[in-house]
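One structure below.
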Amino acid sequence: MTTKIHNIMSSKVVTVEFDDSLETVKHIFDTLKFHHLLVVEDKKLYGVVSDRDLLKALSPNIGTMGETLKDLATLNKRVHQIMSRHPIILYADNTLSDAIKIFNTHNISCIPIVNIQFIPIGILSWRDVLKVFEHRLDL
């Protein structure tokens with residue numbers, strides 16, 4: 001039996017827009033405990049921002065005694081400055097095998113799932129793939 005992406009993807013998608021600040025992104029990551037945000041404009045997918053992208057873009061002094069105004073200014077950067085553009089995508093009817101090939105070929109940790117209009121409807125992480133195999137091993 002072939003496992004379809006729509007059976008294993010997370011349909012809980014959190015999005016940001018090009019001009020949202022990194023302060024907004026940080027707040028979302030700190031509050032919701034997600035690792036990836038999808039970047040949209042007019043509902044269509046244009047990129048991905050990971051928590052690692054954010055960590056690279058922010059000053060490590062934020063929230064410390066050594067924090068300066070220059071450090072805080074990094075929170076004013078915009079999503080479009082740090083996002084990964086042209087993400088590799090899949091559709092809900094693609095298979096688990098398609099996703100595994102992408103994860104093995106590209107250095108990415110999530111795959112946005114879009115509909116035919118390129119509107120995000122889900123997200124698949126390598127952890128979601130591992131959960132499938134964990135359940136199969138329990139059988």
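The figures that follow rest on heavy atoms only: side chains count, while hydrogens, waters and symmetry mates do not.
- Judged as a side chain to side chain contact (heavy atoms under 4.5 Å, CB included), and not counting sequence neighbours, the contacts of His35 are Asp51, Arg127.
- For the atom pair His27 NE2 and Asp20 CG, the distance stands at 12.0 Å (nearest 0.5 Å).
- Looking at residues two or more places apart in sequence or on another chain, you find a salt bridge (Lys or Arg N to Asp or Glu O under 4.0 Å) between Asp30 and Lys26.
- When all heavy atoms of Ile111 and Ile88 are compared, the closest pair comes out as CG2-O, 3.6 Å.
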- side-chain contact (heavy atoms from CB on, under 4.5 Å) between Leu58 and Leu75, worked out: CA-CA 7 Å; Leu58 294 181; Leu75 290 169; 3.7 Å; yes
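- Between Glu17 and the options Glu41, His80, Arg78, a side-chain contact (heavy atoms from CB on, under 4.5 Å) holds for only Glu41.
- Nearest approach of Ser59 to Asp71, heavy atoms of both residues: OG-OD1, 2.7 Å.
- Interatomic distance, Leu37 CG to Met83 CE, rounded to the nearest 0.5 Å: 12.5 Å.
- Under the 4.5 Å side-chain heavy-atom criterion for ILVMFWY residues, no single connected hydrophobic cluster contains both Leu54 and Ile123.
- Residues Phe29 and Phe34 come closest through the heavy atom pair CD2-O, 3.0 Å.
- Under the side-chain hydrogen bond (donor to acceptor under 3.5 Å, both in side chains) criterion, the residue pairs touching residues 94-115 are His36-Ser109, Arg52-Ser109, Asn94-Asp98, Thr95-Asp98, Asn115-Gln117, with sequence neighbours excluded.
- In the hydrophobic cluster analysis, where Ile, Leu, Val, Met, Phe, Trp and Tyr join through side-chain heavy atoms closer than 4.5 angstrom, Ile62 is grouped together with Val79.
- In this structure, Ile113 CD1 and Ile8 CD1 are separated by 8.0 Å, a value rounded to the nearest 0.5 Å.
- You'll find the side chain of Thr68 stays beyond 4.5 Å of the side chain of Asn61, heavy atoms only.
- Of all heavy-atom pairs between Ile5 and Ala99, the closest is CD1-CB, 3.8 Å.
- Interatomic distance, CD of Gln81 versus CG of Leu22, reported as 7.0 Å (0.5 Å rounding).
- Closest approach of Pro112 and Leu45 over heavy atoms only: CB-CD2, 3.6 Å.
- At least one side-chain heavy atom of Phe133 sits under 4.5 Å from a side-chain heavy atom of Leu96.
- Taking hydrophobic clusters as Ile, Leu, Val, Met, Phe, Trp and Tyr residues chained together by side-chain heavy-atom distances below 4.5 Å, Val14 does not share a cluster with Ile119.
- Within a 6.0 Å radius of CG in Asn76, more than 12 heavy atoms belonging to other residues, nucleotides or ligands are found.
- Placement of Ile89 and Val40 in two distinct hydrophobic clusters is found when ILVMFWY residues are connected by side-chain heavy-atom separations under 4.5 Å, directly or transitively.
- Taking all atoms of both residues into account, the shortest heavy-atom contact from Leu124 to Met9 is CD1-CA, 4.0 Å.
- Note on Val48: it does not cluster hydrophobically with Leu55, by side-chain heavy-atom contacts below 4.5 Å among ILVMFWY residues.
- How far CD of Glu67 is from CG of Leu72: 4.0 Å, rounded to the nearest 0.5 Å.
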